[in-house]
Amino acid sequence: MKNIRNFCIIAHIDHGKSTLADRLLDATGSVTEREKQDQLLDNMDLERERGITIKSHAIQMEYPYQGETYILNLIDTPGHVDFSYEVSRSIAACEGALLVVDAAQSIQAQTISNLYLALENDLEIIPVLNKVDLPSANPEEVTDDIVDLLGCRPEEVIPASAKTGLGIEDILKAVIERIPAPKGDPEAPLQALVFDSVYNPFRGVETYFRVMNGVIRKGQRVKFMATGKVYDADEIGTLKLHQVPKTSIAAGDVGYLITGVKDAREIKVGDTITSAEKPTTEAISGFEDVKPMVFAGIYPVDTEDYEELRNSMEKLRLNDASLVFTPESSAALGFGFRCGFLGMLHMEIVQERLEREFDMTVITTVPNVSYHAYTKKDPEAHIIVNNPSDLPDPTTLDRVEEPYIKATVITKSDFIGNVMSLCIDKRGQITNQTYLTQDRVELNFDMPLAEIVFDFYDRLKTVSKGYASFDYSPIGMRPSKLVRVDILLNAQMVDALSALVHADNAYHIGKKMCEKLKELIPRQQFDIPIQAAIGAKIISRETIKALRKDVTAKCYGGDISRKRKLLEKQKKGKKRMRQVGNVEIPQQAFMAVLKLN
Ligand code: GTP
């Protein structure tokens, strides 16, 4: 145990975490030439394309130092707020963390939020100043920022470049010298923390764990404490680039477990594995059941594909335990599912995977957060509103509550004014303002989660010219003035276009939605009135004028290939259209409310 080091890398997105991890694997000879790929740890196609680590993984390296061989377990953490619970569990499996800071970008919102998580878990922090090779790097200044943030000495900050390889040996030495060896009692009853799980279509769910106490042995009966389920440990082992089966793994070490479980939902990240025969009495603290934060309807473009969509979603759920869905039906779209996601990125990933892996073309409706509605009849019990159509009639409604978050924005002092007005515009309340350095400031806000779903990121980027980073964590439910804005096309209500919005914004949003839909819905042979309404009250109206000219007329009759291209483009566009009554609605229209500004 004294030669084991368990550590993770924490960083703001794009500061070089994955590149550094690859470098460490290289430097410890953990990878052969043949195995070298661009980003070794990001082995899902989608991850590689998006350049982000979605799922955390663990990998074991060996490193000889001062005549002894050390086992270094690197536990990779996901970089996006949607997956912050997974970050917190990976961190809990470690004794130390490399805090990677980009020498050009300095400290950003996720640097801080991840650092807090690491400090809460008493991790030894090794600051790494990455990308010092960049011409735009500011090594002295950023080192000062790090020293201020951590209260460490400047010499403790390791200058490095994951690109050129500078500083990599220093980092490995620091991992061994500064991070404490794991503690734990191999004689005690088994207690292992599940920090991740991955679905493998051939072998079932692979569970990644860190043994805190005791020993896990191949073939033994293991119990998962949160779910109460018992399985056989069919295979255990350590994770190199490939799995290396072992007969036992003892306190302090990290490994994988295969039990034959086929459904990702049976294995919960954060759970404690113990022995079924001699169980521990204490589960490792901090287990949480992850809850979806954002809900949207997913419908097949072709109503006949409903069963196929159900099959695809069920398969997807086998390897994405955080995806939840229940059947729902819409007068406009027919049968589909109300799905819950961890956040907007998670929603996009699910949609993309449905298309790529299952060849499903789907329509996604306006996402919303989960509200609590209380009726006058029973003002104590709340009704969960995950869908605009679940909101009780306004006349029977006592009150509504919505989820709030604590938001952290780090920006340059020049943009404080802009960021503050944006946050206030988004119903935020400033709770704190701290200067991290002379021209970098951290702002804290309490803000409704719903406002993040609507274009917050894009606007933050715009008002700060890209110099703002953002992170958030949920802080519970607060009262809200919520109304449902309905859309009528041709005097017919289209339920799938309804949106839940704050009463103060309802008129503005209703008007904008009508304008946007006018742009997006193709013209037909007849006039199409578009109306926005709250209950029976019409709050806005636009009209799509009837089509008069031939669509290909704008090609001036000349170029035949251009004409064909246009027709083909239209045909393609059709794929993602839904006929509602006698009006065709394109996919973008369902999401229009998100992009109103
Ligand atoms: P996520 O996985 O999305 O959180 O990002 P990350 O923090 O893992 O960053 P990643 O390793 O993907 O690096 C982001 C970008 O910075 C990539 O284009 C890298 O090639 C580049 N990069 C990483 N380290 C260095 C470095 O030391 N020098 C330079 N010049 N570029 C680097």
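Each ligand, and each atom within it, is numbered from 1 in the order the structure gives.
- The side-chain heavy atoms of Q243 and Y256, taken from C-beta on, include a pair separated by under 4.5 Å.
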Carefully, step by step, assess F470 and Y457 under the rule ring-ring contact (aromatic ring centres under 6.0 Å, His included). CA-CA 8 Å; F470 170 71; Y457 286 108; 5.5 Å; yes
Would you check, one step at a time, whether the test side-chain contact (heavy atoms from CB on, under 4.5 Å) holds for L449 with E402? CA-CA 8 Å; L449 174 67; E402 65 179 321; over 6 Å; no
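- Counting only heavy atoms from C-beta outward, the side chains of V419 and L443 approach each other to under 4.5 Å.
- Under 3.5 Å, the side chains of N130 and D102 contain no donor-acceptor pair of N or O atoms.
- Residue-level proximity to ligand 1 for D133 is carried by the side chain, the only part with a heavy atom below 4.0 angstrom.
- L25 is listed as a side-chain neighbour of M61, based on a closest heavy-atom distance under 4.5 Å.
- Around atom 24 (N) of ligand 1, the closest heavy atom drawn from N130, L166, D22, T164 belongs to N130.
- Heavy-atom proximity to S161, at under 4.0 Å, picks out these atoms of ligand 1: 26 (C), 27 (O), 28 (N).
- Residue-level proximity to ligand 1 for L134 is carried by the side chain, the only part with a heavy atom below 4.0 angstrom.
- Looking at A160 next to ligand 1, no N or O pair under 3.5 Å apart turns up.
- The N/O atoms of G16, backbone and side chain alike, include one that comes under 3.5 Å of an N/O atom in ligand 1.
- Within the 4.0 Å heavy-atom criterion, the part of H15 lying near ligand 1 is the backbone and not the side chain.
- For ligand 1, the atoms lying closer than 4.0 Å to a non-hydrogen atom of S18 are 2 (O), 6 (P), 8 (O), 11 (O).
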